[in-house]
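Only one structure is covered here, and it is reproduced in the block below.
Letters A, B, ... are given to chains in the order of the sequence lines, protein chains preceding strands, and every chain is numbered from 1. What's counted below: heavy atoms across the whole structure, side chains too, no hydrogens, waters or symmetry copies. The model shown is predicted, which means the values in this text are computed figures rather than measured ones.
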Amino acid sequence: MKSDKQQFDFCQVGKQMPYRTPDGYFEQSAQQLKDLVVAKPKYNYSSRWWYGVAATLLLACAVYGLTAYISYKSDSRVVPVYSQNADNAGEWNDFAESDLFLDNMDW
Amino acid sequence: MQIFRRKTKADELIERYQQPLYWHIRRLVVSHDDAQDVLQDTFVQIFLHLSELRNADLERVWVYRIATNEALQWLRKKHEFVSLDTDEVSSLADSLMAEEYVDTGDALLLLFQQAIISLPTMQQAVFNLRYYDELPYDDIAEILNTTQGAAKTNYHIAKEKISNYILNHQ
């Protein structure tokens with residue numbers, strides 16, 4: 001069924017537009033764009049790469065530091081023999097002399 | 001070597017897409033100054049994400065999608081949201097008349113652009129991509145993240161609305 005409704009003829013306009021640009025715009029713009037895009041992404045690309053490296057190094061340092069700290073804390077609970085002073089040495093001697101196991105030993 | 005390759009690719013893409021993308025953006029944002037800004041942002045985005053373009057056959061769709069997104073994002077920022085309110089449409093139509101780089105000599109051409117501007121954003125984008133850029137519907141669907149059927153329907157509705165707008169305002 002053919003519609004009787006009036007339609008606008010698009011061929012009257014075609015692909016024409018009322019929009020204009022300043023003279024020589026595309027030549028100037030092309031150079032500006034080339035300068036902009038070649039400079040800008042290069043910076044971003046390298047900075048992103050460095051951010052990755054810096055973050056990895058920081059994480060590695062943090063893990064190493066934490067491990068070293070835990071290890072130091074657990075070691076410091078045992079008092080090394082060489083660190084005992086003269087007062088402690090007396091106590092240790094008394095303890096050794098009163099020790100049943102040592103007394104019963106057949107030297 | 002990498003910088004040289006990048007520069008060659010930049011020159012190639014700018015030569016190929018500078019003008020089509022400028023006109024595509026211009027039809028959406030109307031003003032020349034705004035189109036210039038959006039075009040710059042578009043090319044910056046293209047080169048920031050160039051490594052993500054795996055399939056060279058999709059290059060055209062990909063660059064048009066970025067340009068469309070940048071233009072719509074810009075419109076949203078400028079008008080807070082893109083709507084079909086009567087006030088919004090009349091302000092866009094007014095901006096067309098007030099724009100420096102618009103030829104006001106041909107009344108029919110102006111009316112035709114006003115009719116396009118009065119469309120909802122999706123119909124406007126579909127109409128421009130099909131009518132001016134002559135892109136196939138499957139490419140348009142990819143660019144606008146919709147289906148081929150929806151793109152076709154939007155195009156025909158847009159044509160109908162433009163026709164009615166012109167006949168009512170002539």
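Tested against B:Leu111, the residues B:Ile116, B:Asp106, B:Ile166 include a single side-chain contact (heavy atoms from CB on, under 4.5 Å) partner, B:Ile166.
Your options are B:Arg27, B:Glu100, B:Gln19, B:Gln36, and the one with the most heavy-atom pairs under 4.5 Å with chain A is B:Gln19.
A salt bridge links B:Arg16 with B:Glu12: the closest approach of a Lys/Arg side-chain nitrogen to an acidic carboxylate oxygen falls below 4.0 angstrom.
Below 4.5 Å, heavy atoms of chain A meet heavy atoms from B:Lys159, B:Glu160, all part of residues 151-160 of chain B. Within residues 58-71 of chain B, no residue has any heavy atom less than 4.5 Å from a heavy atom of chain A.
Only the side chain of B:Glu134 comes within less than 4.5 Å of a heavy atom of chain A; its backbone N, CA, C and O stay farther away.
Across all non-hydrogen atoms, the minimal contact from B:Ser31 to B:Arg26 is C-NE, 3.7 Å. Closest heavy-atom contact between B:Arg130 and B:Leu135: NH1-O, 2.9 Å.
Contacts of B:Ala107 classified as side-chain contact (heavy atoms from CB on, under 4.5 Å), with partners at least two apart in sequence or in another chain: none. Under the rule for a ring-ring contact (aromatic ring centres under 6.0 Å, His included), the partners of B:Tyr101 that lie at least two apart in sequence or sit in another chain are B:His32.
A heavy-atom distance below 4.5 Å is not found between the side chains of B:Tyr165 and B:Ile162.
For B:Tyr131 and B:Phe112, the distance between ring centers is under 6.0 angstrom.
Between the side chains of B:Asp41 and B:Gln45, no donor-acceptor pair of N or O atoms lies under 3.5 Å.
Under the 3.5 Å distance criterion, the side-chain polar atoms of B:Thr146 are left unmatched by any main-chain donor or acceptor of B:Ala141.
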